[in-house]
Amino acid sequence: MRPLKLVMNAFGPYKNKVEIDFTEFTQSSLFLVSGPTGAGKTTIFDAIAYALFDSASGDARGKDSFKSDHATDSDLCYVELEFQLGKTIYTVRREPEQMGPGRRAKPRQIKSNVEFHNGKSVTTKIAEANQEIETLIGLTYDQFRQIVMLPQGAFKKMLESNSGEKEKIFRNIFQTGIYERFQDELKVKAKVLADERKGYVLALQEAFKRISRDENEPLEKAIEQFDVQTVLSELEQLIHAEAEALGKAKTELSLLQDKKVKHTNMIEMLNKKETLAKEKQELDVKAEKVSQYKEQLDQHQKAQILVQAQANRDETRTEKEENQQAVIRLTEKQQILQEELNELDESYQAILKEYDKLDDARKEIQGYNEELKRFETIKEQETRLADLTKQEKLTESENERLSNQQAGLKAQLKELKVTLTQISQTRERLTEDYKVLSAAKEEQSDLNHRLKALTEVCQWRDQGIELKKAFRESERDLGQAINEWQLAKSTYFGQLSVVLAGDLEAGEPCPVCGSTEHPQKAHAQAEDVTKEQVDALEKTKEAVESEYNRLVSQSEHLYEQVSERCEALGVLPEEASAEKDAVAQKVNEMKVNVDTLKAEIEKKENLVKQESSQTKQFDDLQTQERDVSEVLSKNGSKIEAIEARRKEISEETAELKETLTFESKEQVTSLLLTKEKAIKETEKMEKITREKRNMLKNTLSSTETELNLTEKRVSELGKKEEKLAQTFKERLEASELGENFATYVLEDKLVSEMKEAIQTYGEVRAIHQDRVKEVTDFLAKADDMLTKAEHEQALSEIEESLPEWEQKRDEHVRLTSQNQGARDTIKQYQAQSEHIEADYQLYGELSRLASGAKETDYISFERFVLGIYFEEILDAANMRISTMTNNRYELHRKIEKAKGAGPQGLDIDVFDHYTGKTRGVNTLSGGETFKASLALALGLSDVIQSQNGGVSVDTLFVDEGFGTLDSDSLDMAIETLLDLHERGRLVGIISHVEELKTRIPSHIIVEKTSTGSHAYIQA
């Protein structure tokens, strides 16, 4: 990515439109951004980052603060960036959320907008545009900040980031996501296979538990070793042995059961034979008595028929005589009834004459009733008049009460209206109070932040004073340690002549001068130094030097912190203490002001909180007042209606009184009762006489009918008597029982007992004959004719043996079934798991190695691939850092495993050629860290360009960091950046270092004024 043109309008400190054309740097693509503190140098980089990634270049700036404080609501804040990727040019324009120009010059709230021109297409949705740009550049916002745009205070992040963070950056740059997905797929596959294998193992273990092994040592050992094939082999043998034992048990049981049945049947038949012989004797005794029962039952049946025939004849004769007597009674009754009817007819005619006069009497009664109704109506009307008078008085009383209530409600409404007006005015004033409080709080917050920052600066300065003392002491100790070590080393090397003299022999040439004569050999002195002492002094020197370097690094870091913080605060370091005291006083004053405002606002808020309840009370009172007015209006209408109704009822009552005939209601009632009583007596007499006459007529008619029927019945019964007498005579002669035939009739109970005895005897005789035949046939077919006692003895022996064999059979069945079930389960899971076990071993080992195992020093497959790229990055970075540090430092990939279980393989160590030792990058000083960070960023860019890994990085922006370099280091850093410029890379630098202004000819000049900043190119 290479920026071509940047346009900013009302952005940051720039009130007006600013255009920066980077194509003007074609002759010198290394440029310096210079200007005073706070002028807006870093804002240029913020604008580029915002245009590309919708975010600023640093962490301290937010999108809500992009619009210039110098701009008005009629100014529109926006950024446009034209940039090049390869041979394609793209344009992006963004507007942050802001108050901006609207229609008719009225400001309006503008939401965030974007326009990304990609060839002929234009993307206007923020999320889609962000994704498209990120995909094109090949870097996320965080990655862009770490390898393209190095913002102030962020040099060390890329350098000191751990393996996991570097892995995320490099994965996108070098497109190694395929290796990560490969690792993940291996993990998933291994996990699935492990779960399947676990289920298979658990199922087999459960099946092993169901095996009945009975001290089978090979089987026990195979189960313990989870040797499935051996378990199946041993199990098959066990099942076969159990099956054979089961067959033998079943055969023996079958033989015993057959013998048991045979002996049981023989015993049963012999018992039956004895029982049947006894039963035959009893049946022979009963046969004679059964014959007597049959003869008695025959005579009983004939006698019963004769008794019935005689009873029928006598019953008919008695009935005939009774009917003859009834004929005589009915004839007498008929004569008496006729006489009574004739007398009653004469009385009924006289009553009918009086009955015919009743219609006239009823008309008189109707007149009396109408007169009574008029009296009742008059009484009702008088009652209504009294009720209406009472209602009128009650309504007038209620109206008086309601009028008083209405006056009270109106007074309360007037008071509440005044209160609500006051609350409304207070609420309106609260809005302004909130704004004042918010501004005060914001000012208080700013003062607190400034006080906190100034306090930290003062603390750092105090630390710097102590650190300076420690540094001087350490510098003195280091000089002393170096002197002691160098003196000891010189003394030691001077003593080497003593060592050589010790080896000289007469006649042998000296290795130094070649002489064969050695008149004066060197001898050791008391103050000679040993090699161990030199080594000890060297270690002491290294320890003191390490502490000295630590204090130097710490001092430089503390100086950077104080300088940066004071620059941000706009004060000189020596003025920080006085400024802190002044700000502290302002903080206390502002706290008092804020507390006072809060108390006043709280008081007003409490009053405003009452508005809801007061409004509700006002509405309730208004409702009550309306209800009272409505009731008063209704009551007025009600009184008018009552007066009209009273007049109407009075007139109706007067008219009714004029129509009255009698003087009083009681007089009419007495006449009415007398007349009604006479009518009722006449009606009652007519009814009684009529009913009695009709009853006599009916009784006379029924008596005549009954007399005719009785005479007819006497004739019929005479004929029936003669016929029954003849039948009885004939049956008596046929029975041969004589006149005493009734003595042959038996009681019903005796007859029933005889019949039951006869039937039972016949059934028992038939059953006995069948059983005799069955026993005879069975015994005739028997093979042996043992005695009953012999059969019982044999059966007893068999029954004693059966339980033992049945128990053996059941035990063999249980064991065989249990082991067969276990065998089938094992075979089933074994068939299913053959491929699972093989795949599990393969994929599990692959996943373990690819994810980072002990054999790979816990480096994953992806980090191994990235490590190759990382080695190339470090090689390219070392070309830079070697130049910038005068061949002192090299960046090495950390080989030793770090502590913890986090990602490994992409961490960095520094090799120091001065000490010959390797140490962590976090031990570098501020200037050294800047050099290393710059070298690493440049190395990454070189490798990306050479590998063409999908990311084109031909731009680098550096914000500060050069102030930590000494003169020589600054020369080396500039030479490195000039080398990039010669290769066509666009390099922009923000710095306050004056020397850079003369060393770098191309500038972007940023000037700061009271009305806003402006920028221009000086190429």
Does a side-chain N-to-carboxylate-O contact under 4.0 Å join Glu542 and Lys539? no
Quick one: do Lys541 and Glu484 make a salt bridge, cutoff under 4.0 Å? no
Regarding Gln84 and Thr88, do their side chains bring together a donor and an acceptor under 3.5 Å, going by distance alone? no
So do [Y] and [X] actually touch side chain to side chain, heavy atoms under 4.5 Å?
X      : Y       : value
Leu558 : Gln463  : yes
Val7   : Val79   : no
Pro3   : Leu81   : yes
Leu32  : Ile1004 : no
Asp462 : Glu466  : no

Any donor and acceptor pair, going by atom type alone, linking the side chain of [X] with main-chain N or O of [Y] inside 3.5 Å?
X       : Y       : answer
Thr540  : Ala536  : yes
Lys41   : Pro36   : yes
Arg94   : Ala51   : yes
Thr923  : Arg919  : no
Ser55   : Tyr50   : no
Tyr1016 : Ile1005 : no
Arg888  : Ser882  : no

Separation of [Y] [atom2] from [X] [atom1] (nearest 0.5 Å):
X      : Y      : atom1 : atom2 : result
Ile868 : Arg893 : CD1   : CZ    : 8.5 Å
Glu547 : Asp477 : CD    : CG    : 9.5 Å
Asn878 : Leu891 : CG    : CG    : 5.0 Å
Ile990 : Ile44  : CD1   : CD1   : 6.5 Å
Arg550 : Ser555 : CZ    : OG    : 11.0 Å
Ile482 : Glu538 : CD1   : CD    : 11.5 Å

Do you know which two heavy atoms are closest between Ala932 and Leu924, and how far apart they sit?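 Closest pair (atom of Ala932, atom of Leu924, distance): CB-CD1, 3.9 Å.
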Work out which heavy atom in Ala1015 is nearest to a heavy atom in Val1006; give both atom names and the distance. CB-CG2, 4.1 Å
How are the rings of Phe31 and Phe22 set to each other: parallel, tilted or perpendicular (split at 30° and 60°)? tilted
Hey, can you tell me if Tyr90 and Phe116 have their rings parallel, tilted or perpendicular (30° and 60° cut-offs)?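 Plane angle under 30°, so parallel.
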Does the pair Glu567 and Ser563 meet the rule for a side chain to side chain donor-acceptor pair (under 3.5 Å), with working shown? CA-CA 6 Å; Glu567 181 180 354; Ser563 299; over 6 Å; no
Steps toward side chain to side chain donor-acceptor pair (under 3.5 Å) verdict (Asp909, Thr918): CA-CA 6 Å; Asp909 278 338; Thr918 300; over 6 Å; no
